[in-house]
Protein chains: 2
Amino acid sequence: MLDIPNRDRRTERRKATREEILDAAWELVRSNGLAALSLRDLAHVVGLKAPSLYSYFDSKNAIFDAMFAQGGRAYLEQEALVESTGDPLTDLKAGMRFFIEFCTSDPARYQLMFQRTIPGFEPSPATFAIAIEGLDRLRARLARIGLTDQRSLDLLTAIGTGITDQQISNDPGSDRWTRLVDEAMEMYFAHASETTIRTNRGTT
Amino acid sequence: MLDIPNRDRRTERRKATREEILDAAWELVRSNGLAALSLRDLAHVVGLKAPSLYSYFDSKNAIFDAMFAQGGRAYLEQEALVESTGDPLTDLKAGMRFFIEFCTSDPARYQLMFQRTIPGFEPSPATFAIAIEGLDRLRARLARIGLTDQRSLDLLTAIGTGITDQQISNDPGSDRWTRLVDEAMEMYFAHASETTIRTNRGTT
DNA sequence: GTCTATATTTGGATAGAC
DNA sequence: GTCTATCCAAATATAGAC
């Protein structure tokens, strides 16, 4: 018998280092902000010199792209765990609680994925597809609840991002706005129900 | 008769140039974004070289500070023009329409004043005082409508900033979210009224 | 007050030795 | 794959002549 036929240790090591780099990048952007990420700092954290990073990523934006993709996959994974009860209001609350928790728990990630504040960065098509998949899941979830018209969905996303932004901007690390989620969803649900009924009456 | 006794032409000219510079700065940040403002570009627009700006402002942040103050004064002026009818819902709608219009009509100004995205910039105490005055006016307006508890105010600001952010981020220059203001305020008002009544019943 | 020239810093990115 | 050395670009800010 000869040696084990090329169980690519090299590729595995390479992948592991890539993940080390991305982990360090998250650490840095969480403490210094997204805009402050520099390749020198990043390399230093993982014990390399800046040019060595180019063996793993083509550019700084390629690193942002990989981070965006990680964020998208995390969203899909966690979103799948949100359980449906069949009761519209309960499910609406749970869905919104999840979204806001996902966003506020990592402001740097939120900034990267949902606000577009890095000059010159756009996710690659492959990465963007992950984000689109996330939006589709959200739309499907709301459709199951009975919400399909654009106007209602827009109002809902405004409430969700409003709570998220206020929480991140004005009370980071606490819950002054996030604790309003359930109340906000009750308010919204009452309104949406009434509007739908009224519309149906008008149409029939 | 001698010459007119020192009607400080020098000081007036200086002030005029300062305003020219600030006008040019607004122009640049509106078209290129707040973060992209450079002193070279700015100087070029007003027909100067970069170092000459230091005759008018101590630093780049001093320019941002002056812009912030201008924004604050504009807010106070325009806010004073919003008329009160005495009808709570009508006034609530008008107040929120004003706020959202003020913010969305100039995203760069909104970014400067309400989001804190410029690394290293904080408004000076004098400038910040203008912003505080604006917040006080807002609080007074809502108190006249009958809204005083923090929770209700927080929910309201979340809705306002949510509509603003979504409009700016996802449909700039149009009205996909801003047109929802009246509906959102009806929803909110119905909820706030109900909550208050319920609370009063519980208390009495 | 405005200019030229320059200091200083800080990035991203590349070349080529090892 | 990693390094040293370097390039290149952009930006704020200062010094000193005029």
| request: May I ask you to check whether B:Y75 and B:F98 place their ring centers less than 6.0 Å from one another? | output: yes
| request: Determine, for B:R144 against B:D91, whether the closest basic-nitrogen to carboxylate-oxygen distance falls under 4.0 angstrom. | output: no
| task | Could you tell me whether B:E19 and B:K15 make a salt bridge, using a distance below 4.0 angstrom between a side-chain N and a carboxylate O? | result | no
| query | How many Å lie between CG on A:N32 and P on C:dG11, as a whole number? | reply | 11 Å
| query | CZ of B:R18 versus P of C:dT2: gap in Å, rounded? | reply | 13 Å
| task | Measure the distance from CD1 on A:I63 to P on C:dG11 and round it to the nearest whole Å. | result | 14 Å
| Can you check the A:L34 CG to C:dG11 P distance for me, whole Å? | 15 Å
| Short N-O contact, A:K93 and A:E186, less than 4.0 angstrom | yes
| How does protein reach along nucleotides 4-18 of chain D, written 5' to 3' as B (base within reach of a heavy atom under 4.0 Å), S (only sugar-phosphate), or - (no contact)? | BB-----BBBB----
| In whole Å, what is the span from the CD1 atom of A:I21 to the P atom of D:dG1? | 11 Å
| Parallel under 30°, tilted from 30 to 60°, perpendicular over 60°: which one fits the rings of B:F99 and B:F114? | perpendicular
| message | Salt bridge or not between A:D154 and A:R151? Use side-chain N to carboxylate O under 4.0 Å. | response | no
| request: Look at all strands and tell whether B:R14 reaches a base, only sugar-phosphate, or nothing, counting heavy atoms closer than 4.0 Å. | output: sugar-phosphate
